[in-house]
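Report on the following structure.
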Amino acid sequence: MSHARTVEIEGHIIDSGTMQRCFGAVMDLGGSFDVERFDVGTHEEAESYCRMQVSADDEETLQAILHELHQNGAVLENPSDVELVAAPADKVVPPNFYSTTNHPTEVLYDGEWIDVERIEMDCALVVDPDPDEGNGPRAYTRVLDAVEEGDMVATDQSGIRVHPPERPRSGGGAFGFMQGGVSSERPSESTIREVAAALREVKADGGNVMVVAGPAVIHSGAGEALARLVEAGYVDALSAGNGFATHDLERSLYGTSLGMDVETLEHPRKGHKHHIWTISEIIRAGGIEAAVEQGKVTEGVMYQCVENDVDTVLAGSIRDDGPLPDTITDAVEAQNAIRDQAHDADVVLMLATLLHSVAVGNCLPSTTKTVCVDINPATVTQLLDRGSAQAIGMVTDIGTFVPTLAEFVLEDDGESHTTDGDV
């Protein structure tokens with residue numbers, strides 16, 4: 001006996017490749033489909049609509065197919081309200097709870113579709129029928145660790161609608177639709193100039209720029225350029241680790257990064273101790289902000305972050321020296337702090353750090369513009385695979401990328417960027 005359900009898909013589903021993915025998912029999983037109605041949009045602004053019956057030999061296969069179609073924006077015909085079950089205890093979700101994607105999502109509650117707030121992947125979906133604000137029901141995501149007893153958690157996928165990325169109706173510019181290509185051969189200068197233009201546009205619109213930076217930014221000599229971007233107001237949030245901050249502060253205190261003079265590439269006597277001495281000096285001062293206020297730290301990225309009130313999260317790891325007193329050593333606390341930064345970001349620059357970038361990427365909606373830069377192609381590929389529909393990947397030296405980006409971003413701000421010997 002064949003098991004079948006009818007689903008509906010609508011939007012810009014042809015040029016965005018949605019229909020191709022849906023047809024492919026049905027056939028790949030051993031099912032079949034029968035298109036009952038297909039209305040094709042007749043111009044670039046018009047949406048298309050498809051209703052089709054999906055069938056399989058058994059219920060388990062059918063459910064697997066429906067799950068894949070749901071991820072691509074399909075909904076059951078005449079959907080019912082979202083199924084809600086109360087969480088039985090703190091941090092415990094009901095069986096078969098709905099695990100979110102990073103795409104914009106809606107839930108059907110009391111006959112109305114409600115936008116899900118703070119969308120991110122791999123979370124529970126909670127509906128509050130009577131929030132304190134008195135503005136009607138709300139729906140939002142919660143990581144499992146934050147689920148509280150009694151939370152009304154969505155189960156299965158009925159009454160839930162996701163909106164996968166669609167091709168923009170106008171040119172995508174630097175952040176083209178599902179661009180995602182990784183190549184060391186693409187014209188770097190023109191790409192960096194497009195990124196710079198995007199940053200200027202975001203800031204002009206009052207948007208938020210987040211930077212995720214690894215120690216290589218300092219080791220490569222790019223710290224000064226990043227500090228200029230912070231000083232000029234082009235960085236609203238910085239997410240990094242204990243190592244990045246330590247080596248940046250070391251540069252200010254001792255002129256070295258991990259014991260090496262970034263300018264001469266020489267290793268001063270006892271330079272290998274500079275990073276641990278730096279941590280000690282910051283602890284003695286009472287923290288990074290206190291060290292800046294006391295005049296101990298007078299330059300660098302962390303200095304500019306303090307001076308310009310940039311939201312900074314330093315997430316610790318098991319391998320950290322010290323750590324700095326500003327480093328968050330509780331993994332859950334650090335994750336929540338990063339999550340708050342990520343949800344506010346309009347564009348994210350991921351600079352030469354795989355682990356921190358993956359952590360941020362897991363918190364980002366698919367609509368957030370993302371730039372991933374690393375010398376290792378595998379790192380860039382992994383970061384782009386986090387799911388953003390508007391991502392640029394560049395395989396290049398971070399020591400070249402950041403100064404060039406700063407030059408292009410600031411060239412119209414009246415700053416001088418010439419170096420000794422330039423005419």
Side-chain angles (χ1 to χ4, degrees), residues 7 63-64 66-76 78-165 208 210 239 313 315 328 330-346 358-368 386-389:
V7 299
Q63 290 303 317
L66 292 176
H67 174 75
E68 290 301 317
L69 295 180
H70 171 78
Q71 304 293 299
N72 285 284
V75 294
L76 294 174
N78 300 318
S80 57
D81 276 4
V82 61
E83 297 178 8
L84 301 174
V85 177
D90 290 352
K91 304 182 183 181
V92 180
V93 292
N96 299 319
F97 78 98
Y98 177 79
S99 179
T100 57
T101 71
N102 63 348
H103 301 317
T105 304
E106 296 175 287
V107 297
L108 185 62
Y109 181 78
D110 200 18
E112 294 186 6
W113 288 102
I114 304 170
D115 289 333
V116 177
E117 303 168 16
R118 293 175 64 85
I119 192 68
E120 67 176 90
M121 65 174 70
D122 302 330
C123 292
L125 197 163
V126 175
V127 175
D128 185 349
D130 187 24
D132 294 338
E133 296 82 15
N135 295 323
R138 291 177 56 220
Y140 47 86
T141 60
R142 271 194 169 166
V143 294
L144 299 190
D145 186 67
V147 170
E148 299 178 355
E149 181 179 357
D151 279 346
M152 300 306 294
V153 179
T155 59
D156 198 28
Q157 57 198 30
S158 60
I160 300 175
R161 180 167 64 190
V162 300
H163 296 278
N208 183 290
M210 179 178 181
S239 178
V313 172
I328 303 174
D330 184 301
V332 174
E333 181 184 348
Q335 187 182 87
N336 288 334
I338 289 173
R339 179 169 288 110
D340 288 339
Q341 289 183 313
H343 280 285
D344 288 337
D346 295 298
V358 168
V360 172
N362 286 343
C363 301
L364 292 175
S366 63
T367 51
T368 303
R386 305 321 295 170
S388 175

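For reference, positions follow the sequence shown, starting with 1. In this text the structure is predicted, and so the values were computed from the model without any measurement.
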field: Student check: side-chain heavy atoms of Pro94 and Asn96 closer than 4.5 Å
entry: no
- request: Mind checking the NE2-CZ spacing from His70 to Arg161? Nearest 0.5 Å is all I need.
  value: 11.0 Å
- prompt: How many angstroms lie between atom CE of Met121 and atom OG1 of Thr100, to the nearest 0.5 angstrom?
  reply: 8.5 Å
statement: Between the CD atom in Glu106 and the CD1 atom in Ile119, the distance rounded to the nearest 0.5 Å is 11.0 Å
message: I need the minimum non-hydrogen distance between Ser239 and Gln341, along with the two atoms involved.
response: CB-OE1, 3.5 Å
- prompt: For the residue pair Trp113 and Gly159, what are the closest heavy atoms and their distance?
  reply: CZ3-O, 3.6 Å
task: Using a 4.5 Å cut-off on heavy atoms from C-beta on, say whether the side chain of Val332 contacts that of Val143.
output: no
- prompt: For the residue pair Val93 and Pro88, what are the closest heavy atoms and their distance?
  reply: C-CD, 4.3 Å
Test item: Val82 and Ile160 side chains (from C-beta on) under 4.5 Å apart, heavy atoms: yes
message: Between Thr141 and Glu120, is there a side-chain donor-acceptor contact under 3.5 Å, judged purely by atom types and distance?
response: no
- prompt: Between Pro165 and Ser366, which heavy-atom pair has the shortest distance, and what is it?
  reply: CG-OG, 4.1 Å
message: Applying side-chain contact (heavy atoms from CB on, under 4.5 Å), can you list everything that pairs with Ala345, at least two apart in sequence or on another chain?
response: Asn208, Met210, Val348
message: Does Glu112, at its CD atom, have more than 12 non-hydrogen atoms belonging to other residues, nucleotides or ligands within less than 6.0 Å?
response: no
- request: Rounded to the nearest 0.5 Å, what's the gap from NE2 on His67 to CD on Gln157? Could you check?
  value: 6.5 Å
message: Using 0.5 Å steps for rounding, measure from the SG atom of Cys123 to the CG atom of Asn362.
response: 9.5 Å
message: Within the structure provided, determine whether Gln335 and Ile328 are in side-chain contact (heavy-atom separation under 4.5 Å).
response: no
- prompt: So which heavy atom on Ala315 is nearest to which on Ala334, and how close?
  reply: CB-CB, 3.8 Å
message: Distance check, rounded to the nearest 0.5 Å: Tyr98 atom OH versus Asp156 atom CG?
response: 10.0 Å
message: By the definition side chain to side chain contact (heavy atoms under 4.5 Å, CB included), identify the one residue from Ser158, Pro79, Ser80 that meets it with Leu108.
response: Pro79
message: Give me the atom names and distance for the closest heavy-atom approach of Asp110 to Asp81.
response: N-OD2, 2.7 Å
- prompt: If you draw a 6.0 Å radius around CG in Asp90, do more than 12 non-hydrogen atoms from other residues or ligands fall strictly inside?
  reply: yes
query: For Val153, does its backbone N or O pair with a side-chain atom of Thr155 as donor and acceptor, under 3.5 Å?
result: no
